[in-house]
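Starting from 1, each residue takes its place in the sequence as its number. Order of appearance sets the numbers: ligands from 1, and atoms from 1 within every ligand. Predicted, not measured: the structure shown is a model, and the values here were computed from it.
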Amino acid sequence: MGTRVSATRDSSAPADSGFLTLGPIEGSTKHYLSVDDLRVPQRRIHLTNGEHLDVYDTSGPYTDPSAHIDVEKGLAPTRDSWHRPDPIDGASTQLAWARAGIVTDEMRFIAAREGVDAELVRSEVAIGRAVIPANHRHPESEPMIIGKRFAVKVNANIGNSAVRSSISDEVEKMVWATRWGADTIMDLSTGADIHTTREWIMRNSPVPVGTVPIYQALEKVDGDPASLTWELYRDTVIEQAEQGVDYMTVHAGVLLRYVPLTAKRITGIVSRGGSIMAAWCLAHHRESFLYKHFDELCEIFRRYDITFSLGDGLRPGSIADANDEAQFAELRTLGELTTIAKSHGVQVMIEGPGHVPMHKIAENVRVEEELCEEAPFYTLGPLATDIAPAYDHITSAIGAAMIAQAGTAMLCYVTPKEHLGLPDRDDVKIGVITYKIAAHSADLAKGHPRAQERDDALSKARFEFRWTDQFNLALDPDTARAYHDETLPAEPAKTAHFCSMCGPKFCSMRISADVRAYAEEHGLVTIEDIDRTIAEGMAAKSAEFAEAGNRVYLPLETVGGA
Ligand SMILES: C[C@H]1O[C@@H](n2cnc3c(N)ncnc32)[C@H](O)[C@@H]1O
Ligand SMILES: Cc1ncc(COP(=O)(O)O)c(N)n1
Ligand code: SF4
Ligand SMILES: [Zn+2]
């Protein structure tokens, strides 16, 4: 379950200092792979049969009981002690180093984490088919990679809004999201104390952090898009860059001439950043300052090695609007911007929709790859239908699984609160687990080398009625155990050969195991065994028949009739 401890804070801390979840996930311990001088964390799941399974671990030191956690100090700046290669043509980015044939410490860490060759990591980054979001000023983060040749990743959005706001709640959402497997988090705060909230998150986040700087810029002008300026935006980007933000959503593809293309849509522009930029462009009747100053933005990103997440400001917000002209016009512009960013040595990924029916999903990946040099695709869902508010983690996980199988590298989660309100801690967990299901299902379908190990281990535990192992191998051990124990809480039930679904007499897995045991006892394991037994049985029968005089009808007394 983990323990929630009160986090002590100094005077700069928020008055409502809250709680963090600490301690290992049920049945697991932290385990470190030693790769030369690097310590690569893994989660070791211990099984009752003496075996164990090591899985990818995003949770940081919070799940390591031997780590000292002090939220005021923040996590150890581990990456500061790693080797940083010299700049290549003025660029100190993973992309520049990868192109120069240099395997960075970050790449070696990632290779061990993913169980792949470091050369694969380097070459995928070099051609821009993968990114490593790692701002030099976020040394607390454990490097990770986003690219279609690697495990599909999950992002969890957190952050306050004007309606609900507490710094400690947001820090706990970050710890909580990464505990359940979020590979990155985005701080999408739009309410009070945006800078301070982000500082607490940055200093304590073991995963890369993304933001949408236009949100804070809009806050600075009191929510009036027309008052935004390039200078104010630029300064906000630098402010966030200095804090260590690893990737930033930039809606630079929303051009003035694309805005009318959304006029006939059912849901217009649903992207916040997209709607803000559309409002600015129309108010001034000028081209977007993000588009016009894009080169300057690239220079800033390059200094810190911030990764672009080129925003889909015109993504469809309803099934009816999917794959329309506005969406693909913007995507073409994002393709041009990709080329520009990469020419500056800056890493790029591309954001994708949104709301898309299943038959229109694959086209999104195909067009993105074609227009954007195969830059990693990072999609919000997509929701496969609009009819289930309160269940949009599910409507979107359906789309997410499909789009990930088609090649999306990172999935942005959607929680049950989508379209309804700000997600809380419980929604964050449901969103992350739901998206781990989508991502892992895609890994299986794509034949990711180690994905199936966990399915096989869990299925084996299930068939052998090792209930504790089945729980502990689950994405959410706590809920799996709680559901089982609702009806059969007693300790002996943890080895019982049934659960309350079928009960002891109708448990098909128990009956099937009995069938197997019988077959082994009687030498009836293979098809040949069965064929032989049938043949022997037939021979015995016909011998009996011959002995009885080859008569089809026997007198009643010989068959024991009355
Ligand atoms: C682009 C997506 O970002 C999500 N989103 C926007 N703001 C927040 C927040 N503060 N917390 C969590 N999710 C958020 C919404 O789910 C939206 O669909
Ligand atoms: C995959 C994805 N797409 C978009 C956004 C930004 O939100 P918005 O475009 O609404 O400002 C996001 N955070 N993640
Ligand atoms: S989620 Fe709520 S606030 Fe955001 S665009 Fe939809 S209705 Fe508006
Ligand atoms: Zn929506």
Carboxylate-amine/guanidinium contact K429 D476, below 4.0 Å: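 Judged by the 4.0 Å cut-off on N to carboxylate O distance, K429 and D476 do form a salt bridge.
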Sidechain N-carboxylate O distance under 4.0 Å for E199, R203: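 Salt bridge: yes.
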For atom 3 (N) of ligand 2, closest protein heavy-atom neighbour: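 Closest protein heavy atom to atom 3 (N) of ligand 2: E351 OE1, 2.9 Å.
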Nearest-contact summary for atom 7 (S) of ligand 3 - protein heavy atom, Å: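 Answer, as residue, atom name and distance: H419 O, 5.0 Å.
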Those atoms of ligand 2 less than 4.0 Å from some heavy atom in [X]:
| X | value |
| --- | --- |
| Y215 | 6 (C), 7 (O), 8 (P), 10 (O), 11 (O) |
| H251 | 8 (P), 9 (O), 11 (O) |
| D312 | 3 (N), 4 (C) |
| C412 | 1 (C), 14 (N) |
| M186 | 13 (N) |

Polar proximity ligand 2 side, R272 side, N/O cut 3.5 Å exclusive: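 Yes; the residue has a nitrogen or oxygen that sits under 3.5 Å from a nitrogen or oxygen of the ligand.
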Intermediate values then yes/no, side-chain hydrogen bond (donor to acceptor under 3.5 Å, both in side chains), Y435 and S396: CA-CA 9 Å; Y435 270 66; S396 67; 2.5 Å; yes
Worked verdict on T236 versus Q216 for side-chain hydrogen bond (donor to acceptor under 3.5 Å, both in side chains): CA-CA 7 Å; T236 307; Q216 191 186 2; 5.5 Å; no
Side chains of E373 and T339, donor plus acceptor under 3.5 Å: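 Side-chain D/A pair, E373 to T339: present.
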Among F301, F308, W230, F289, the one residue meeting ring-ring contact (aromatic ring centres under 6.0 Å, His included) with F294: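 Passing option: F308.
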Residue pair W280, L290: steps toward the side chain to side chain contact (heavy atoms under 4.5 Å, CB included) verdict: CA-CA 11 Å; W280 187 91; L290 298 176; over 6 Å; no
Nearest-option assignment for atom 9 (O) of ligand 2, heavy atoms, candidates G381, G352, S271, G313: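 Residue with the shortest heavy-atom distance to the ligand atom: S271.
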